[in-house]
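These notes concern the structure reproduced below.
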Amino acid sequence: MVTSYDVKDLGLAESGGLRIEYSGHHMPVLRLLAERFAKEKPLTGVRIGACLHVTTETANLMQVLKAGGAEVALCASNPLSTQDDVAAWLAVVLEIPVFAIKGEDNDTYYQHLESVIATAPQISMDDGCDLVFTLHEKHPEMLPSMLGGLEETTTGVIRLRAMEKRGALAYPVVAVNDADTKHLFDNRYGTGQSTIDGIVRATNILLAGRKVVVCGYGWCGRGVAMRARGMGAVVAVCEVDPLRALEAAMDGHLVMPVADAARWGDLFVTLTGDCAVLRREHFEVMKDGAVLCNSGHFDVEIDIPALRDMAQSVRRVRPMTDEFLLSDGRRIYLLGEGRLVNLAAAEGHPASVMDMSFANQALCAAYLAREGGSLERRVYRVPQEIDSEVARLKLAAMGITIDALTPEQEKYLADYQSGT
Ligand SMILES: NC(=O)c1ccc[n+]([C@@H]2O[C@H](COP(=O)([O-])OP(=O)(O)OC[C@H]3O[C@@H](n4cnc5c(N)ncnc54)[C@H](O)[C@@H]3O)[C@@H](O)[C@H]2O)c1
């Protein structure tokens, strides 16, 4: 067993192992990469510091990286997203340094980041940019030896692009989130399903006939709106981008400003990557019994301090469901403490979609190990060959074959002279 770790209870390792094995069966692309990495060892001697949601799927990724020869250390990318049995298994069986406890306070969260940084990583693997940011802020002496970084989510990529623009980014980072085989599937179908899963596990409410407000119609918002409607909810979308608002309208959803939606909705889900999307003026007009949750990366989309300030009392009425009793007698329910509801109240995305996201992570880690030294201090797209390979492998694993262009079609598509 590894000597350096901070997990809740090592005794949970066995049950974690069973769940990790089970999700591995739904990750055929990653399994294939594990075999390939074990033979080719593309990560030999490379130290990877990972700050990811510590779930069964992440444990499968850690196995691939280790099979490829990497030395990996892992901490949580959110205080509520750790699965304690998985963390235990990683320490006891995979023997990697792991620092993650579900419900850890903010100080512990940042201490855990420091513990990963203490392993002197050469590649950072982030979900939300906290590791990159801490390295830049607190450990500038380590930056020159970094081969590169990998970023899993939209919010992290937004922050990295801001760093790049201001000339503050000190090493190359690959925006894994922006691979087509990541955001088109993970953000849309993964967040779509697992956010509903988190809401239902936390509340056990019936979605049929319920008025659901989705704030943000990006890849995640589209997924949640689509799945909520599929379960019989009436969906209203709130947006700031005219194109996305138009798309929501033509997808058949109601579109309205959040000030109107606040009076109308029964259940509110934020997925904007923005702050203070739901705030005091909205809480003031919400119905008695309104349910609020967030599935965007940080817990700033709902103004929780304002809600707390308005409440006479707060009590936990079910796991991950807090009831705020307001002075006029209305009750507002907040799920998962305003943190990612799909990870706080459920298990995050299903393994079969993380299969693609994490195949991108593994292949991009190998790419950085190979090419990192020659890249500039920029945010890079995932190389097209990697994106296409992940799609090809996933299709094959699903038993789906597709057509290939005939020579005549190839010629036709390259031509501009033939017409009617
Ligand atoms: N829950 C999860 O497991 C999970 C998975 C992937 C991504 N995420 C996170 O979810 C968030 C959204 O990701 P995405 O890929 O859909 O991003 P995106 O950029 O595709 O979409 C965000 C949308 O929110 C809109 N928006 C911004 N501010 C707004 C406001 N004040 N009111 C209304 N709309 C607003 C934007 O116009 C945009 O259309 C990010 O924080 C991302 O990191 C969470």
Side-chain angles (χ1 to χ4, degrees), residues 51-55 57-58 76-78 80-81 126-130 151-161 175-180 182-199 213-227 236-249 251 253 255-262 265 268-279 281-282 293-303 335-336 338-351 353-354 356-358 360-361:
C51 176
L52 299 172
H53 303 302
V54 181
T55 63
E57 295 79 20
T58 299
S77 56
N78 183 293
L80 282 185
S81 64
D126 252 311
D127 187 328
C129 195
D130 280 343
E151 174 52 56
E152 170 77 6
T153 198
T154 315
T155 283
V157 173
I158 290 171
R159 297 171 107 198
L160 287 163
R161 292 230 158 88
V176 173
N177 178 74
D178 293 358
D180 288 340
K182 200 281 183 183
H183 69 275
L184 294 179
F185 301 91
D186 168 319
N187 299 28
R188 182 166 37 173
Y189 303 114
T191 312
Q193 178 169 322
S194 64
T195 299
I196 301 289
D197 185 14
I199 293 166
V213 177
V214 176
C215 299
Y217 203 64
W219 291 107
C220 295
R222 288 175 178 107
V224 171
M226 180 196 337
R227 294 305 181 230
V237 168
C238 305
E239 251 297 342
V240 291
D241 179 329
L243 196 78
R244 295 222 162 145
L246 187 61
E247 189 184 350
D251 283 347
H253 303 303
V255 176
M256 59 179 89
V258 67
D260 295 345
F268 296 79
V269 191
T270 54
L271 310 102
T272 66
D274 200 353
C275 66
V277 178
L278 294 176
R279 45 189 189 267
E281 70 210 67
H282 306 130
C293 65
N294 166 54
S295 210
H297 188 76
F298 286 114
D299 62 343
V300 294
E301 303 209 15
I302 301 170
D303 186 351
L335 311 185
R339 296 193 186 275
L340 298 155
V341 69
N342 60 331
L343 284 139
E347 294 170 63
H349 298 356
V353 81
M354 293 313 295
M356 290 192 277
S357 308
F358 285 168
N360 274 294
Q361 287 281 9

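In this chain, residues are counted from 1 in sequence order. Each ligand, and each atom within it, is numbered from 1 in the order the structure gives.
For ligand 1, the atoms sitting less than 4.0 Å from at least one non-hydrogen atom of Arg244 are 18 (P), 19 (O), 20 (O), 21 (O), 38 (C), 39 (O), numbered in the order shown with element in parentheses. Shown in contact with Gly218 at under 4.0 Å from a heavy atom are these atoms of ligand 1, numbered in order with element: 16 (O), 18 (P), 20 (O), 21 (O), 23 (C), 39 (O). Every atom of ligand 1 is numbered from 1 in the order shown, and the set under 4.0 Å from a heavy atom of Thr191 is 1 (N), 2 (C), 4 (C), 5 (C), 6 (C). Heavy-atom proximity to Asp241, at under 4.0 Å, picks out these atoms of ligand 1: 37 (O). Against a heavy-atom cut-off of under 4.0 Å, Thr155 is close to the following atoms of ligand 1: 40 (C), 41 (O), 42 (C), 43 (O). Close approach of ligand 1 to Trp219 (heavy-atom distance below 4.0 Å) involves ligand atoms 16 (O), 20 (O).
Rounded to the nearest 0.5 Å, atoms OG1 (Thr55) and CZ (Phe358) are 5.5 Å apart. Going from atom NE2 of His253 over to atom CE of Met226 covers 8.0 Å, rounded to the nearest 0.5 Å. If you take CG on Asp251 and CZ on Arg244, they are separated by 11.5 Å, rounding to the nearest 0.5 Å. Atom OG1 of Thr153 sits about 5.5 Å away from atom CG of Asn177, to the nearest 0.5 Å. Between Cys238 atom SG and Met256 atom CE the span is 7.0 Å, to the nearest 0.5 Å.
The two residues Cys215 and Val277 have their closest heavy-atom pair at CB-CG1, 3.8 Å. The heavy-atom pair separating Gly198 from Ala345 by the smallest distance is O-CB, 3.5 Å.
Of the protein's non-hydrogen atoms, the one nearest atom 32 (N) of ligand 1 is Val240 CG1, 3.7 Å. Given atom 44 (C) of ligand 1, the protein heavy atom at minimum distance is Ser295 O, 3.2 Å. Atom 43 (O) of ligand 1 has Thr153 OG1, 2.6 Å as its closest protein atom, hydrogens excluded (heavy atom only). Nearest protein neighbour of atom 16 (O) of ligand 1, counting heavy atoms only, is Cys220 N, 2.9 Å.
Polar contact with ligand 1: present for Asp274 (N/O pair, distance under 3.5 Å). Where the criterion is an N or O separation shorter than 3.5 Å, residue side chain and backbone included, His297 meets it with respect to ligand 1. Considering backbone and side-chain N/O of Gly296, none are found under 3.5 Å from N/O of ligand 1. Remark: ligand 1 and Asp186 share no N or O pair separated by less than 3.5 Å (distance only, no angle test).
For the pair His349 and ligand 1, a heavy-atom separation below 4.0 Å is found. At a 4.0 Å cut-off, at least one heavy atom of Glu239 sits close enough to ligand 1 to count as contact.
At a 4.0 Å heavy-atom cut-off, ligand 1 touches Cys238 through the backbone alone. In Thr272, the parts holding a heavy atom less than 4.0 Å from any atom of ligand 1 are both the side chain and the backbone. Only the side chain of Asn342 comes within 4.0 Å of ligand 1, judged by heavy-atom distances. Only the side chain of Leu340 comes within 4.0 Å of ligand 1, judged by heavy-atom distances.
Salt-bridge formation is detected for the pair Asp130/Arg159: a Lys NZ or Arg NE/NH1/NH2 atom is positioned less than 4.0 Å from an Asp or Glu carboxylate oxygen.
Here atom 15 (O) of ligand 1 lies nearest to Thr154 when heavy atoms of Leu271, Val214, Thr154 are compared.
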- Message: side-chain contact (heavy atoms from CB on, under 4.5 Å) for Glu239 and Glu247? Distances and angles first, verdict last.
- Response: CA-CA 10 Å; Glu239 251 297 342; Glu247 189 184 350; over 6 Å; no
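Under 3.5 Å, the side chains of Asn78 and Asp127 contain no donor-acceptor pair of N or O atoms.
No side-chain heavy atom of His282 sits less than 4.5 Å from a side-chain heavy atom of Phe268.
Qualifying salt bridge (charged side-chain N to carboxylate O under 4.0 Å, His left out) partners for Arg279, counting only residues two or more places apart in sequence or in other chains: Glu281. With sequence neighbours excluded, the residues that form a salt bridge (charged side-chain N to carboxylate O under 4.0 Å, His left out) with Asp186 are Lys182.
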